[in-house]
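What follows is a short report on a single structure.
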Amino acid sequence: MKLAFELETYKSEIKPTWCPGCGDYAVLNALQHALTELQLEPWNVLIVSGIGCSSNLPHFLSTYGFHAIHGRAVAVAEGAELANPDLHVIVTGGDGDGYGIGLGHFIHAMRRNLDLTYIVMNNEIYGLTTGQASPTSEMGMKTKSTPIVGVIENPIDPIALALSAGATYVARAFSGDVKQMSELVARGIEHHGFSLIDALSPCVTYNKINTYDFFRKRVYDLNKEGHDPGDLKAAFLKALEWPVMQRDRIPLGLFYRNDKLPTYEDLEPAYKKGNPVTQRLGVEDADEILNEFL
Amino acid sequence: MKLAFELETYKSEIKPTWCPGCGDYAVLNALQHALTELQLEPWNVLIVSGIGCSSNLPHFLSTYGFHAIHGRAVAVAEGAELANPDLHVIVTGGDGDGYGIGLGHFIHAMRRNLDLTYIVMNNEIYGLTTGQASPTSEMGMKTKSTPIVGVIENPIDPIALALSAGATYVARAFSGDVKQMSELVARGIEHHGFSLIDALSPCVTYNKINTYDFFRKRVYDLNKEGHDPGDLKAAFLKALEWPVMQRDRIPLGLFYRNDKLPTYEDLEPAYKKGNPVTQRLGVEDADEILNEFL
Amino acid sequence: MSPHEIVFRVGGAAGDGVSSTAESFAKMCARSGLHVWTYSSYQSVIRGGHVWTQVRGSPEPVLSHGTEPNVLVCLNQQTMDVHQGEVPEGGAVVYDSDLVKPDPAKVRKGARLLGLPLRKLAQTITPNGIVRNTVALGAAVRLYDMDFAQVEAAFKDIWGDKKPEVVEQNVRAAKLGAGEVEKAGGSLRFGIPFSHEPRYLMTGNEAVALGALAAGVRFHAQYPMTPASSILHWMAAHGPAHGVVVKQVEDELAAMNMAVGAGHTGVRSMVATSGGGFSLMVEAIGQAGMTETPLVAVLVQRGGPSTGLPTKTEQGDLNLALGAGQGDWPRGILAPRNTKECFDLTAKAFNLAEIYQTPILVMSDLYLGEGFRTVDRPDFNVPIVRGMVAADGGVAAGRYQRYAYTDSGVSPRAFPGMKGYQYTAATDEHMENGDLISDVLAGLPEFVEERRKMHEKRMRKLEGLRKDMPPPELWGSPNADLTLLHWGSTWGPAHEAILQVEEKQGLHVNSLEFPSLFPFHAEETLRILKEVKRTLAIEANYTGQFSRLLRAETGYKPDFSFLKYDGEPFTGREIAERILEVVA
Amino acid sequence: MSPHEIVFRVGGAAGDGVSSTAESFAKMCARSGLHVWTYSSYQSVIRGGHVWTQVRGSPEPVLSHGTEPNVLVCLNQQTMDVHQGEVPEGGAVVYDSDLVKPDPAKVRKGARLLGLPLRKLAQTITPNGIVRNTVALGAAVRLYDMDFAQVEAAFKDIWGDKKPEVVEQNVRAAKLGAGEVEKAGGSLRFGIPFSHEPRYLMTGNEAVALGALAAGVRFHAQYPMTPASSILHWMAAHGPAHGVVVKQVEDELAAMNMAVGAGHTGVRSMVATSGGGFSLMVEAIGQAGMTETPLVAVLVQRGGPSTGLPTKTEQGDLNLALGAGQGDWPRGILAPRNTKECFDLTAKAFNLAEIYQTPILVMSDLYLGEGFRTVDRPDFNVPIVRGMVAADGGVAAGRYQRYAYTDSGVSPRAFPGMKGYQYTAATDEHMENGDLISDVLAGLPEFVEERRKMHEKRMRKLEGLRKDMPPPELWGSPNADLTLLHWGSTWGPAHEAILQVEEKQGLHVNSLEFPSLFPFHAEETLRILKEVKRTLAIEANYTGQFSRLLRAETGYKPDFSFLKYDGEPFTGREIAERILEVVA
Ligand SMILES: Cc1ncc(C[n+]2csc(CCOP(=O)(O)OP(=O)(O)O)c2C)c(N)n1
Ligand SMILES: Cc1ncc(C[n+]2csc(CCOP(=O)(O)OP(=O)(O)O)c2C)c(N)n1
Ligand code: SF4
Ligand code: SF4
Ligand SMILES: [Mg+2]
Ligand SMILES: [Mg+2]
């Protein structure tokens with residue numbers, strides 16, 4: 001069967017500007033595969049990003065894109081999704097963007113269970129600003145901004161936060177395994193509700209600790225080890241494994257999925273009048289509105 | 001034994017301006033008791049708050065206070081604590097202030113494990129702005145800003161977030177039990193590291209659902225039921241009980257405490273030169289600094 | 001001297017129901033055919049403190065809430081202490097005689113003292129005495145000789161069919177109060193003519209919300225903040241039925257960024273806040289300027305700086321609005337002068353935002369935003385102009401140029417969902433097709449040129465925008481000795497002062513007013529200013545922010561100024577006094 | 001014509017090590033006793049794109065990075081394509097002959113083409129050829145007849161004792177390059193006199209950090225953002241050893257709020273950012289104004305609007321700085337013109353912040369902040385004036401009045417920890433003792449008065465502050481035909497242009513410059529402007545933000561303007577051209 005949209009269809013004219021070897025290539029690739037698998041019409045997909053190396057991603061796709069300001073991608077995406085719930089809105093960006101400056105929006109969006117997919121290219125460093133500590137940088141890591149004793153803050157545990165905040169699809173992928181990643185992304189896009197994919201995506205230029213090798217030695221597929229994504233409590237315990245409890249084994253895969261909860265869109269009363277983008281403007285019943293003021 | 005500082009010592013000239021019956025009176029009271037128990041010198045205590053009914057609290061104490069802007073109390077407090085680690089810095093404020101607009105600072109502060117105590121007067125409503133939904137408002141709750149179908153977002157679970165973020169002292173108290181609250185607050189202040197006390201503090205004016213009665217019917221002391229605050233995983237499971245899992249039983253008490261981790265202050269290299277506030281200004285060794293530029 | 005108008009003031013502590021009592025009374029006045037204007041003085045606390053509301057009602061159009069109350073209701077002692085000396089001869093002071101004592105030395109001669117056991121009377125109706133204020137209200141109604149039918153109608157309106165017993169209790173309570181007046185001298189015999197042709201009564205904030213609804217707003221994001229909160233409240237209650245997604249979000253950063261996302265998809269999108277919240281929107285509104293995203297931002301000013309005086313009025317956020325966002329980007333600033341303009345200019349803002357694909361600010365303030373005023377029936381039939389949109393349904397030939405260079409600076413928009421127009425909007429500097437200049441091209445000679453052209457394209461929009469913004473307006477006699485310069489809510493008291501000095505002192509004063517502030521109509525303003533004699537700038541802020549803008553744009557410096565920054569709105573009387581000082 | 005100065009340009013892709021090569025070269029120049037000025041053109045990407053850095057070195061003081069390079073090093077083809085035509089007669093184009101091909105038609109007559117197999121040569125030293133750029137560097141050193149001792153010294157400085165093998169490899173690589181030059185015609189024989197008295201070389205950002213350190217900063221909070229990041233980097237590496245708590249925090253809101261908290265406790269506190277980050281500080285800086293908390297905010301401008309041109313220069317954030325924060329509050333804005341002033345004015349800012357207990361902004365830009373310049377040895381012995389502090393160790397008699405009314409508007413500060421001075425600082429309007437006006441008292445007659453007094457007290461500080469801010473300075477011949485008006489980093493190119501038109505065209509041009517922008521020295525400026533003939537305002541932004549400020553403050557409108565907004569810094573040459581246009 002010939003596909004309506006080939007992988008190539010989703011590529012833009014622009015060649016990615018990332019450093020050779022950057023983990024973000026794999027994320028782009030995985031996303032393209034997921035879009036191809038789902039056969040989404042490129043004009044009905046909106047990719048929203050913040051600012052960072054990773055946040056350049058929308059330019060490399062042939063979908064619609066919004067390359068917003070640093071840390072606000074999720075909020076911009078929420079606005080777009082609420083205004084036009086028929087779009088497939090996907091948020092992409094970095095760990096600094098999403099777990100650092102954007103942390104508040106990230107958590108509030110999850111508790112809304114909006115039908116968004118958020119892929120965080122987590123390289124545990126600030127890439128575009130040339131190598132400062134990020135909220136996921138490991139304790140002790142020396143960077144341009146922590147040159148003396150290294151990082152002295154506990155890293156963010158995005159999986160645990162997402163579970164605490166009410167995300168209904170929570171996964172972790174690794175740029176070393178595009179196949180698993182595109183599978184997790186595709187299921188995330190399909191999922192009815194907020195899906196987070198924490199994508200471990202090495203920065204080959206500024207993070208000499210959390211390299212491909214570092215991850216290859218440590219990752220394992222939690223689903224293959226029998227984790228049940230329907231079990232929220234088990235998901236929490238898995239979330240704590242890394243980086244909270246230890247540094248040796250890093251679970252990848254689907255931590256949690258719950259399809260039974262209503263999304264924000266399901267509950268929003270305004271949609272009774274249809275998709276806001278396609279509604280006729282103007283007011284039909286001015287009298288009814290104005291009578292209140294008499 | 002005569003105390004150096006009586007309860008009265010900690011009271012300011014200003015009578016609290018809260019509505020009669022407001023839960024915040026109990027929090028003020030508990031805090032005064034805790035200060036009295038610990039015999040902290042009022043001039044070495046700095047209470048930082050944001051904006052909200054609850055955030056008026058510093059004015060009612062005879063300590064130093066900083067009544068900051070909405071949502072930024074934690075950040076202001078971090079600056080004060082870092083600049084003068086000899087102060088006892090206590091943050092007080094509302095659920096909107098801390099878990100809503102201030103959520104990012106809240107979580108980042110906890111992952112730093114700064115030696116701060118944060119008391120959130122959680123009334124599940126915006127009091128000062130006359131009754132809009134707060135991030136802890138229950139699903140379905142009708143407020144001025146959610147008048148049609150009620151709140152359609154999952155409430156924040158501050159305990160789970162705090163545990164995910166690395167807070168090392170996490171407790172919940174209730175304005176209906178000042179004794180327990182002042183005990184939890186006192187231990188929190190003593191605790192070496194970040195302590196959160198989520199204080200359920202009914203707003204008698206705008207929240208007609210989460211009343212004293214509502215809580216009285218549901219709260220129980222988790223420590224009396226055998227919960228071990230040393231067990232992080234168990235703490236998580238307790239955290240999820242309410243508001244994530246059910247609405248019937250609300251655990252109060254100490255969820256988690258870990259005294260073994262270093263605080264931010266323990267790790268900060270600048271303190272080798274002493275407390276920044278008392279250091280001599282100016283530079284001793286200009287040559288050493290300048291040689292780098294030759 | 002009978003005043004022929006109502007100036008009703010009720011005061012008590014927060015929680016005493018002062019403002020709802022006053023609102024009911026205002027509604028009764030409007031239903032009786034009067035022109036109404038209210039002002040509420042309150043504080044940033046939920047219980048306690050001293051709050052009062054004044055309702056002015058007149059058969060003639062009114063321009064301010066007036067000064068001396070001819071009926072004052074004191075629900076507590078503090079109200080008596082603070083206000084008792086203000087009631088003029090012929091007026092009345094109604095008070096709860098069980099709680100409150102007047103000081104006869106302070107009450108003016110000829111003002112009637114009317115102590116009523118309000119709570120006890122109320123308790124004859126409901127044991128908790130909750131209708132206490134209504135007893136006082138009934139007294140006022142009787143004092144002014146108002147028709148009781150309006151009382152009943154107003155209560156029905158407020159509680160509706162759902163609570164007939166409450167309506168009935170209140171009507172009875174009002175009658176009790178009226179009866180007491182009867183016993184104690186009857187009405188004040190002002191002889192106010194009531195037409196009983198009901199007028200529309202609303203706040204500036206409600207008018208803004210209505211204007212937005214009329215213009216087809218479909219997304220509204222807000223975080224509560226005094227004095228903008230009632231926009232959210234009204235929208236949340238009424239918007240969804242009209243298909244408007246209304247969201248209280250986590251903070252003002254989210255509100256603005258969500259509005260940008262919504263605007264990007266093609267809906268009419270809006271935020272509302274006060275200065276503190278707007279401060280948090282500063283980065284994101286620049287993002288809208290750069291991505292050429294239309295949206296409307298309503299900024300209802302209050303007393304600053306910082307948290308300041310949350311419940312008081314000021315016009316101190318103009319510098320903030322002018323400077324919001326790093327770098328230069330094209331913005332429009334509208335400043336409604338009155339309730340009607342809150343409706344009209346908000347509706348207009350949506351058109352301008354979409355025509356010029358850039359954020360339009362609507363700046364009002366607490367006095368205008370929260371005060372109730374009667375207005376003519378707003379015309380919902382506002383023109384809806386959506387600006388240039390790429391051939392809908394068609395497919396772009398070659399790559400779509402979202403930011404195509406045009407003479408007007410405006411390029412046809414496409415919305416996500418339109419097949420063949422895919423592009424990425426970016427806050428980095430970009431080319432016509434949206435591709436970045438900043439990432440690998442910045443600094444190369446041809447892209448230095450590209451940047452210049454794109455920046456000029458964006459900024460060129462200001463020329464068209466200026467032409468479409470309402471120009472300055474000279475109001476009053478053409479050959480005046482003095483011209484007042486002002487903006488926003490000062491309109492009412494300024495006009496009142498002009499009429500007053502004309503009537504009383506025979507002075508000719510007019511006023512030059514600015515329903516739009518940016519882009520500034522410099523030429524037009526200068527042309528007008530060349531014709532006027534002397535000028536007095538009137539602003540509710542310390543540094544004269546508008547006067548600075550005027551001078552920056554035209555070089556013109558007002559001869560005199562009257563700056564007020566104590567949180568209270570201007571009154572016609574004090575402006576008149578300042579006029580006299582200046583022309584003396 | 002031998003130029004007697006070095007204008008060295010090296011270009012390649014991001015990741016090619018262009019800027020570190022240029023930095024090493026700049027260091028060698030400075031060590032050789034030259035005055036140095038660099039400019040780096042780069043993009044917002046980590047690998048790829050086209051980046052180049054120019055290093056100008058001269059025995060005479062320099063005022064810009066110059067224009068045409070007399071040695072150009074091309075590490076890739078694009079550099080050749082873009083720059084080959086710029087090397088004048090007598091200069092040389094060095095390039096990697098295995099990768100890069102010149103276009104003889106584009107290379108100017110008399111420019112020497114020096115193709116070297118850079119990578120291959122480098123691979124003779126290390127297999128990965130990592131020292132490739134150093135080979136080219138060595139060639140340049142030889143072309144300019146520089147002393148090889150400085151090369152070795154510079155490398156030792158950079159890699160220190162820790163990596164002697166790296167130093168040794170680089171020295172060998174440089175010698176290889178020099179040897180190749182020898183074979184191909186030897187040096188360019190510019191005859192530049194090298195004094196070998198080393199000069200201090202630093203960026204404006206480093207000078208800011210040094211100034212802060214000298215002034216006793218003890219808390220620095222920052223979130224990385226180009227072009228301000230290097231302040232954080234320097235501070236993080238050097239601050240803690242001097243007792244400075246240096247924190248990269250979660251966002252700029254946190255940075256400013258933490259700085260407020262730190263300033264409140266009595267330490268000297270600071271933030272640094274660029275326009276986008278400053279936009280996020282807008283609410284919190286107003287908080288510092290209201291609570292009267294001293295702090296220093298460094299704003300290093302880049303190309304806007306929004307994310308804009310992150311790696312390009314602009315002076316487009318003045319409106320933002322002037323309007324930051326709702327309402328009126330007293331702020332000071334300093335604008336260093338050069339590297340020395342980055343040090344001096346930052347140090348001064350701390351004194352002003354503490355004397356006036358309010359935030360002081362230091363505004364610089366990418367060109368000044370990131371460019372390396374030689375300076376005289378900064379004098380760390382800066383005066384430290386901490387302003388009024390409540391009797392330390394004593395106990396306040398009665399309740400301490402943190403915000404006591406004073407003529408200067410400044411009230412004695414107390415710090416948490418001082419016994420007996422406890423008070424609560426509040427962002428709500430407050431009384432002398434810090435108690436709130438806003439919560440139960442606002443609107444009561446005596447508190448309307450109190451508010452007015454407190455607001456006036458705060459704003460009164462501007463008078464003293466103005467006197468203490470550096471006044472405008474008229475530079476150049478007293479009776480000029482044209483006066484340039486400018487601020488910030490335009491200083492260098494403007495002076496260069498003035499000297500140029502004086503020398504070449506015999507024109508008399510001077511310049512009026514503004515090391516402080518707010519509070520504005522209106523009287524002094526007008527006094528000077530009355531004496532000058534015609535004026536040309538030069539600004540790196542679209543709308544002439546400084547000219548607007550000037551006009552708002554004085555009514556004066558410059559006769560001509562030269563606005564540049566393409567992200568590139570002004571060059572002396574283009575200013576000179578504009579001068580000629582204007583006086584023609
Ligand atoms: C308000 C604001 N602050 C700072 C910046 C500068 N900045 C750009 S990208 C970035 C961080 C990038 O890190 P991350 O989000 O992890 O993305 P990465 O480059 O690692 O993919 C920062 C701090 C900005 N653009 N805006
Ligand atoms: C930036 C900003 N946005 C909004 C406000 C208005 N505001 C003041 S208090 C408050 C919320 C209060 O709720 P909470 O923090 O829960 O405190 P409570 O009054 O319930 O104790 C809001 C939204 C503000 N002061 N500043
Ligand atoms: S700097 Fe790091 S994150 Fe950025 S493109 Fe290069 S490898 Fe990727
Ligand atoms: S409104 Fe609610 S939170 Fe505020 S003082 Fe009253 S009871 Fe307390
Ligand atoms: Mg990153
Ligand atoms: Mg609350």
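Per chain, numbering begins at 1; letters A, B, ... match sequence-line order. Atom set for the values below is all heavy atoms of this structure, side chains included, hydrogens, waters and symmetry mates excluded.
Heavy atoms closer than 4.5 Å to chain C are found in both the backbone and the side chain of A:Leu290. Proximity to chain A involves both the backbone and the side chain of C:Glu283, based on heavy atoms less than 4.5 angstrom apart. Residue A:Ala77: no heavy atom, backbone or side chain, is found under 4.5 Å from chain C. Contact annotation for C:Ala215: only backbone heavy atoms (N, CA, C, O) come within less than 4.5 Å of a heavy atom of chain A. At a 4.5 Å heavy-atom cutoff, C:Val375 makes no contact with chain A through either its backbone or its side chain. If you measure heavy-atom distances from C:His264 to chain A, the contacts under 4.5 Å come from the side chain alone. If you measure heavy-atom distances from A:Glu292 to chain C, the contacts under 4.5 Å come from both the backbone and the side chain. Interface remark: A:Asn56 contributes side-chain atoms only to the contact with chain C (heavy atom separation under 4.5 Å). Both the backbone and the side chain of A:Leu294 come within less than 4.5 Å of a heavy atom in chain C. Only the side chain of A:Arg112 has a heavy atom closer than 4.5 Å to any heavy atom of chain C. When heavy atoms are compared at a cutoff of 4.5 Å, A:Leu82 approaches chain C by way of both its backbone and its side chain.
At distances below 3.5 Å, at least one donor-acceptor pair connects side-chain atoms of A:Tyr64 with backbone N or O atoms of C:Met418. Side chain of C:Gln287 to backbone of A:Ile69: a donor-acceptor contact under 3.5 angstrom is found.
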